[in-house]
Amino acid sequence: MKKLIILFFLGIYALTSFAQEADKIVGVWWNEEKTSKIEVEKKDGKYIGTVVYMIPEKYENGEPPKDDENPDPELRDRSIVGLQILNGFVYNADKKEWKDGSIYDPKSGKTYDCYGWLESNELLKLKGFVAGIRWMGKSSEWYRTTL
């Protein structure tokens with residue numbers, strides 16, 4: 001009976017450390033160009049990222065840029081600030097990466113499959129790719145910051 005109790009508590013401890021590792025991606029990140037800040041949060045068990053800030057130099061007539069390149073004409077008038085650009089990421093503890101997600105590029109209006117990993121607590125690397133070919137794609141580095 002004692003062994004069962006010990007195994008139970010060890011299992012709880014392992015799950016807690018797994019959740020802490022997975023949540024390291026949560027926070028606010030500068031994009032590679034340091035023009036936008038993206039807040040990554042956990043929602044419904046998956047990680048998403050929303051543009052929460054854009055440098056004033058990118059504003060047009062005092063307003064943040066619109067999603068002009070979106071393939072859906074109905075969405076082209078929406079602001080990039082407030083736009084969810086990361087979707088559906090789940091943590092893979094074996095590979096220490098967030099996978100099965102997608103990233104939307106407002107500059108091109110395209111959405112790519114994506115995965116990411118932390119190089120350090122301050123550097124998040126993301127790689128967008130198409131057709132399931134992970135080694136063919138574009139990488140981006142995001143830097144931890146605050147609002």
Side-chain angles (χ1 to χ4, degrees), residues 8-147:
F8 173 76
F9 283 110
L10 285 174
I12 296 292
Y13 176 75
L15 285 174
T16 303
S17 67
F18 168 75
Q20 288 173 345
E21 190 72 23
D23 287 347
K24 284 185 176 183
I25 195 173
V26 171
V28 179
W29 301 88
W30 273 116
N31 66 349
E32 191 163 42
E33 300 84 17
K34 292 198 174 172
T35 56
S36 302
K37 291 182 180 182
I38 299 93
E39 182 173 21
V40 176
E41 59 189 337
K42 190 173 187 180
K43 187 173 184 182
D44 299 326
K46 296 190 177 189
Y47 296 89
I48 63 167
T50 306
V51 177
V52 292
Y53 172 82
M54 184 166 282
I55 61 171
E57 292 82 2
K58 293 291 183 181
Y59 278 47
E60 301 160 2
N61 300 321
E63 292 186 12
K66 305 289 183 198
D67 190 14
D68 308 23
E69 300 300 320
N70 196 299
D72 182 348
E74 299 285 320
L75 300 176
R76 292 182 185 156
D77 281 338
R78 67 183 177 173
S79 172
I80 289 179
V81 175
L83 187 62
Q84 188 173 313
I85 63 169
L86 295 180
N87 290 295
F89 284 84
V90 294
Y91 186 66
N92 179 328
D94 293 337
K95 293 186 176 182
K96 294 189 178 183
E97 70 179 20
W98 291 263
K99 63 176 192 143
D100 298 335
S102 65
I103 187 166
Y104 174 70
D105 177 11
K107 291 180 200 166
S108 67
K110 295 183 179 179
T111 301
Y112 301 95
D113 293 331
C114 188
Y115 67 100
W117 66 97
L118 288 175
E119 282 289 314
S120 71
N121 284 334
E122 306 304 313
L123 177 60
L124 171 63
K125 290 200 171 185
L126 297 166
K127 186 160 188 182
F129 59 96
V130 292
I133 305 170
R134 289 180 84 168
W135 55 269
M136 262 180 75
K138 183 179 180 218
S139 295
S140 181
E141 294 183 346
W142 289 7
Y143 308 93
R144 192 176 296 277
T145 188
T146 58
L147 273 178

Practice task
Could you list the residues that satisfy salt bridge (charged side-chain N to carboxylate O under 4.0 Å, His left out) with K66, not counting sequence neighbours?
Solution key: E63
Practice task
Only counting residues at least two apart or in another chain, list the ones meeting salt bridge (charged side-chain N to carboxylate O under 4.0 Å, His left out) with K95.
Solution key: none
Exercise for the section: Can you establish whether the number of heavy atoms outside E60 located under 6.0 Å from its atom CD is more than 12? Expected result: yes
Practice task
Write down the atom of S36, the atom of M54, and the distance for their closest heavy-atom approach.
Solution key: OG-CE, 3.3 Å
Practice task
Keeping the roles fixed (side chain from S79, backbone from V81), state whether a donor-acceptor pair exists under 3.5 Å.
Solution key: yes
Handout entry: Main-chain N/O of T146 paired to K37 side chain as donor or acceptor, under 3.5 Å
Key = yes
Under the rule for side chain to side chain donor-acceptor pair (under 3.5 Å), what residues qualify as partners of [X], not counting sequence neighbours?
X	result
T35	N31
E141	K125, Y143
E39	none
S108	D105

Practice task
Among residues two or more places apart or on two chains, list those pairs meeting salt bridge (charged side-chain N to carboxylate O under 4.0 Å, His left out) that have a residue in residues 75-90.
Solution key: D67-R78
Exercise for the section: Using the side-chain contact (heavy atoms from CB on, under 4.5 Å) rule, take K42 and D23 through it: C-alpha gap first, then chi angles, then the decisive distance, then the call. Expected result: CA-CA 8 Å; K42 190 173 187 180; D23 287 347; 3.7 Å; yes
Pairs under 3.5 angstrom only: tabulate donor-acceptor contacts from the side chains of residues 111-120 to other protein residues two or more places apart or in another chain.
{"unit_1": "W117", "atom_1": "NE1", "unit_2": "E119", "atom_2": "OE2", "d": "2.7"}
{"unit_1": "S120", "atom_1": "OG", "unit_2": "E122", "atom_2": "N", "d": "3.2"}
{"unit_1": "S120", "atom_1": "OG", "unit_2": "L123", "atom_2": "N", "d": "3.3"}

Handout entry: Between CD on residue E41 and OG1 on residue T50, distance to nearest 0.5 Å
Key = 5.5 Å
Practice task
Could you go through the side-chain contact (heavy atoms from CB on, under 4.5 Å) check for Y91 and K96 one step at a time?
Solution key: CA-CA 7 Å; Y91 186 66; K96 294 189 178 183; 3.7 Å; yes
